[in-house]
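Encoded as structure tokens, the structure appears first; notes follow it.
Values below: all heavy atoms of this structure, side chains included; hydrogens, waters and symmetry mates excluded.
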Amino acid sequence: MNIDCPWHIGGSGRTASACDAKHVRDMIELMLFTVPGERVMQPSLGSGLMQYAFAPNSPELAATLQLTVQGALNQWLGDVIDVVSVSAQSDDATLTFQVGYVLRASGTPVTDTFSRSRP
């Protein structure tokens with residue numbers, strides 16, 4: 001059983017579960033927006049992307065973000081997905097990523113968009 005994220009109680013009154021594809025999407029989102037050092041038992045988990053939220057938008061920033069995301073995905077989720085493409089966009093204090101990947105378990109190609117704003 002895969003626990004749905006964020007954790008909540010499902011309709012059955014028990015911990016909500018998620019299908020494999022949703023669980024992988026949740027893992028990608030958590031990895032993208034976790035700050036390294038935030039997790040006590042895995043201090044190197046995360047990508048550190050939120051430090052770029054206020055950086056000036058430029059082709060160099062987009063390239064840096066794409067490489068950072070692809071490297072973090074390969075390091076932390078390389079046994080679950082094959083990363084096909086990553087695109088990044090920074091607009092004001094909002095970071096948006098489009099990640100194309102293939103689920104290794106089923107061979108299903110997926111493209112998801114992830115977005116986060118700095119408070």
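- Of all the heavy atoms in Ala72 and Gly46, the pair that sits closest is CB-O, 4.3 Å.
- Contact check for Thr96 versus Phe114: no side-chain heavy atoms found under the 4.5 Å cut-off.
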Self-check item: Working for side chain to side chain contact (heavy atoms under 4.5 Å, CB included), residues Leu73 and Tyr101
Solution: CA-CA 10 Å; Leu73 289 172; Tyr101 57 95; over 6 Å; no
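- Atom CE in Met27 sits 12.0 Å away from atom CG in Leu32 (nearest 0.5 Å).
- Taking Thr111 as the reference, nothing meets the side chain to side chain donor-acceptor pair (under 3.5 Å) condition, with sequence neighbours excluded.
- From Ser47, atom OG reaches atom CG of Leu30 across 11.0 Å, with rounding to the nearest 0.5 Å.
- Taking 4.5 Å as the limit, every side-chain heavy atom of Val86 sits out of range of all side-chain heavy atoms of Gln98.
- Applying the side-chain hydrogen bond (donor to acceptor under 3.5 Å, both in side chains) test to pairs two or more places apart or on separate chains, those with a residue in residues 29-46 are Arg25-Glu29, Glu29-Arg116.
- With a 4.5 Å cut-off on side-chain heavy atoms, Val24 and Leu103 count as touching.
- The side-chain hydrogen bond (donor to acceptor under 3.5 Å, both in side chains) contacts involving residues 66-76 comprise nothing, where partners must be two or more places apart or lie in separate chains.
- Here salt bridge (charged side-chain N to carboxylate O under 4.0 Å, His left out) pairs that include residues 41-52, with residues two or more places apart or in two chains, number zero.
- Other residues sharing a hydrophobic cluster with Val84 under the 4.5 Å side-chain heavy-atom criterion for ILVMFWY residues are Val102.
- Residue pairs meeting the salt bridge (charged side-chain N to carboxylate O under 4.0 Å, His left out) criterion with at least one member in residues 71-86, sequence neighbours excluded, are Asp82-Arg104.
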